[in-house]
Structure formats: C-alpha cells, structure tokens
Amino acid sequence: MSHTLHGILDPTGAGPAQVQAPPVADRARRPPSLAGLRVGLLDNTKHNALLFLRAVGDLLTTEHGAREVSIVETKQNFSVPVDRSIVDRYREHCDVVITGVGDCGSCSAAAVADGIAFERAGLPAAVVLTDAFDITGRAMAQVQGDADYEWVETEHPMAVLTEDEVRARARTLVSEIVGRLTMAEAA
Amino acid sequence: MDAGQNGHQRVDATMAQAAIEYAYDQGWSDGLPLVPATRDLVDRFLAAGGRPADEVIGHLQQVDRTVTVELLAINAAMAGCRPEYFPVVLAAWRALTKERATSGGGWQSTSGPAPLVIVNGAIRTELGINHSGGVFGPGFRPNATIGRAIGLTVRNAYGIRPHELEQATQGLPGRWSIVVAENEEESPWPPLAEDLGVPGDAVTTTLLRTCEFVDNRHTSDPEQLLADFADTIGRSGAWIFQHAGAGVVLCPEHAQLLARAGYSRRDVARWLVEHSGRTTAQLQAVGKDDAGQNGVRFPGQGGDPERFQPTLADPDRVIVAVAGSRNAGISMVVRYFADWSGTPVPVIGPEAAATTHDGTIPEGALHG
C-alpha cells in the first residue's frame, strides 16, 4: 500500500490475523493402496453428487481392491463444513473419504473445508469440485489455514449430466481419486 | 478542517481523497467511495444504537467470522449512514440473521441474493426513508446507505467478497440498496409489521432473488389484476425447487383497488397462493415437471399434463406491502432467494435498547 492513514477504523474485525499464520498443511498418512480398505462417501446434496460418489465407490471396490463402501451420509447443510461428530463417525467407520460434488457457491467452499477437516483428523480425503469453483475453493483453503490444499477437479457443469454420463465421469476421475487417497501415482 | 476567513470551515480535499483511496487500497469498498470511519464518528453510531460495542450480533460458521455492534457501526459509517440511522441498521441486521438463508450459504450463493428491508413506523419520516415515488430507485440517503451498510458488513466482517467466497453467477442490480419504507399514508391496510404483531417502528426482511414489475393500469377488476401478478409469480424460470417463494410490493393504486373490492392483505396472499403456478405440461416443456418434496425440479415422466402445480406453498409466507407513488398502476413482485420467516424486528432507540437484554424487545411487551 502506498500510504497509511491514522485514525481510520478497520471494518473487518480480522486485524493482523487476517494476514494469516503460515498455512498448516496437515495431511493424513497415505496407505500404499486401497487394498482391503473401507471407503466413506459424504454427499453434499447437490444434484448428481450421490450418484457420482456411489459410482466411484463401486469402481474402488470392484477394480481397486477396496473392501467396501462402509459409510454414506448426506450433509444436513451443504454450506457448512462438517463438524467434529461427523468427522469422528467417519474416522470410526472408514479409512478414506470421498466427498463432493462442489457445484455451487457455498457448497464448493464447504467441501474444501471438509477435506481439510478429514485430513487433520487423519483420514485421507478426496474432494471433488467442478472447475467453475476453483477460486472460491482456494479462498476457503486460505480461510482454513491450508492455502495449498489440493482437490480433484472436474468439468463444469455436473448437475445436467444423465445417469450414464455421471458414471462415465466417475470412471474418468477414479484413477486421480485413487492417486489423491494413496501413495500411488495417478495413472 | 480549519476555520476560514468568513467563519466557514475549509475541508482539506487532498486528505479526503487520500482517505478514500486508502479504503480502496484495503479492499474494503464495494466499488464506490467510502466515508472514512473515525473513532468519534463511530462512537456517535454506538450512542445512537444503545448497545455495547462488543456485543456479538452475527457469526458465520463456515468462515468462523463474527459481527459485533462495533463492526456493524464502522461499516454503517463507511456506507454513508448518519448515526441516527443506526437503530434501523441494527434492526435490519438482526432481522436478517433470523432468516434461515443468511446462516447457510446465502451470502456466497451463485444466486447472489439481495436483502429486502421494509421499514414501518414514524421513523420512516423522521429519517426521510423514501416510501413513495421511485421507492426501489436511487436518490435517498437512508434507502441507499442502510442496505449498503449490510453489504459492507458481509464483505468486510464476514470476508465474503465477489469472485472469492461470493460466487454470484450474475448477481442482481441494486443488491445492497433494496430498502423501502412502506407507504402507510396511502396504504388501505394497517402497516405490514403491525399486521405481523410488531406495531410502530420495525423492519421486515428477507433475501431476494430479484424484483419483477407488473404494469397493469387499465383494469378495475381485482381478479384480472391479481391474475397478472400470479402470471409473473408462476413463471417457470424462477422455479428451482418444489415450491418457490415470492411476495408483492403493491403501488397505492393497486392496493386501493384491491381493498375497495374487499380484499385484506391476507386475502391477496391467499388468492396468489391459489392461482400462481403452471400445469405439468407447461413445466415439462421446460424440464421442470418433477420434484421431490425437498429436491430440485428436473425433467420427469410428465404425468397428468393438466395438473396445476402451485408455485407458492403458504399464504403466511407471502409478503404483501405497499410502497411507491400513486401515479400509476405499477407494482413489484419480490421473489425470495429461499423463504421468509414472517418475523419483523422492532427498531428501538438508544434508551430502550440499553435496558433490554439483547437489544430486542421481549415479545410479551409488544403483544401485551
């Protein structure tokens, strides 16, 4: 800034904290593969999201060695990040989580916050957002103190796809999702 | 400022310009110049509001940011409000926090919704809040700045800025300036807030998706007039879920025509709920004929093509207000972003505010 002025009040309430502590990148430890692991799905209620997540879950169990899809929940409020009790339930019932689909203003930001919360609780997570929401996803990652958090991006829009198209989309993304959840490189 | 030769105060314009640029540099502005908020100015707002500066009046969970009375006062000062507007700003903010959509993702939404603030009571004329000609338009300081204070608070205190956490696809014109006083003088009905149980100075709010005019000047038949509103309310483009929410801000001419024909506010709401909608065939033509109870509308299998699907669900959730000039039959359909709680909030002066527990008057005191 080129100048400062004394006596003008700050309307943000954030003060110097807004400048932010350096990002804390808490990542859960990655398993070598999904072999024998339990998969959790968290649906954010957006159109086609649950269909997509279930299709991914099927592919992980039939083609990538996951044992089962062991927990599927739907968010009560897609705008608000998961709370402690939801994170604890997933920690108890699964080994990795897939969530999304970030396909709106507030739900995309919240999905990024969800991914960060799962990682901090020790659960590898793959968050799926459409590519129209990369800026708001990044803004929320910064708010959560994890500016470099990475998610899985897919082409916008998702809500208009037919059932077959959603399954095809799942197949396109599954290797990247496996890559995000494990130490394996995305094919 | 310093005193000039003839006793007038002289403004240091360069300093004023520097203060304006400073606020832009901080990212505080909605695009227009801001008034620099100084301690003494904000203290006058706090005195007018009568509430403790550190009282928390809003918290947005997903960003973990908080609004205090002080932050609302700073943003109101920056918006160009006068200190005596602050009780209205406080009431509008409190009323908005009672609306479900504002605690969810409303402020971040692709819809980019706007607060609608309707003011009742003597405070309208005391503050000069426009209730007549051009009521949705510019030209009046309280109408322009009270809404702007809300917008700046969302931007600055919650940190929800366009292109970042705010994701409006197109947004809507006048997003932070839809503040109207009801035209109580020319309305045939009791004030809106009074009808809802809050007499005197009060604000009624919801989040709007948009406003749409209905111009109907040449019928004297109340049902023809209401049918014109119902057509706009029922249009498919605005319809996302099973039902949609809407109300009307009637011009005095339309309100008086309906009242002369025997319609109460409630009768108008009931008529609109009954008649606004589309048939399944009409909705099928636009891919919106099917919907789960809480789900989005989508292309379905049709069903009985002649079945009438009503837009509105509940007459208690239809705002019927009166504002504007009596010079033409032009009214506004106000279309909600989500819903409307139907709960006005009283505007209270500093003395009364200081004696209440949380800045709101207990319900018994109003109805008793």
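Both backbone and side-chain heavy atoms feed into the values below; hydrogens, waters and symmetry mates do not. Here is how names work: the chains are called A, B, and so on, in the same order as the sequence lines, proteins then strands, and each is numbered from 1. For clarity, every value in this text was computed on a predicted model and none was experimentally measured.
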Considering only heavy atoms and a distance below 4.5 Å, find which of B:Asn75, B:Leu60, B:Leu152, B:Leu72 pairs most often with chain A. B:Asn75
For B:Gly104, is there any backbone N or O sitting under 3.5 Å from a side-chain donor or acceptor partner on A:Ser79? no
With chain A as the partner chain, list the residues of residues 31-43 of chain B whose heavy atoms fall under 4.5 Å from it, by residue number, and write 'none' if nothing qualifies. B:Pro36, B:Ala37, B:Thr38, B:Arg39, B:Val42
So, B:Asn156 side chain and A:Pro11 main chain: donor-acceptor pair closer than 3.5 Å or not? no
Least distance between heavy atoms, B:Gln167 atom then A:Gly105 atom: CB-CA, 3.5 Å
Over all heavy atoms of both residues, which pair between B:Ile74 and A:Leu9 is shortest? Give the atoms and the distance, please. CD1-CB, 3.9 Å
Measuring only between side-chain heavy atoms, which start at C-beta, is A:Phe133 closer than 4.5 Å to B:Thr110? yes
Selection residues 46-64 of chain A - residue pairs positive for salt bridge (charged side-chain N to carboxylate O under 4.0 Å, His left out), sequence neighbours left out: A:Glu63-A:Arg171
Closest non-hydrogen contact found for B:Leu165 with A:Met140 is CD2-N, 3.9 Å
Among A:Ser108, A:Cys107, A:Ser106, A:Cys104, exactly one meets side chain to side chain contact (heavy atoms under 4.5 Å, CB included) together with B:Gln108. Which residue is that? A:Ser106
Side chain, backbone, both or neither: which part of A:Ala132 has a non-hydrogen atom closer than 4.5 Å to chain B? backbone
So for atom CZ, which belongs to B:Arg82, do other residues, nucleotides or ligands contribute more than 12 heavy atoms lying within a distance under 6.0 Å? no
Give the member of A:Gly137, A:Ala109, A:Ala113, A:Ala139 that has the highest number of heavy-atom pairs under 4.5 Å with chain B. A:Ala139
More than 12 heavy atoms of other groups within 6.0 Å of A:Glu165 CD: yes
Expected output: side-chain A:Thr136 to main-chain B:Glu164 donor-acceptor under 3.5 Å: yes
Minimal heavy-atom distance between A:Ile8 and B:Tyr22, with the atoms involved, is CD1-CD2, 3.9 Å
Positive for side chain to side chain contact (heavy atoms under 4.5 Å, CB included) with A:Thr12, one of B:Arg155, B:Gln26, B:Arg65: B:Arg65
Minimum heavy-atom separation for B:Val296 and A:His47, please, with both atom names. CG2-ND1, 3.7 Å
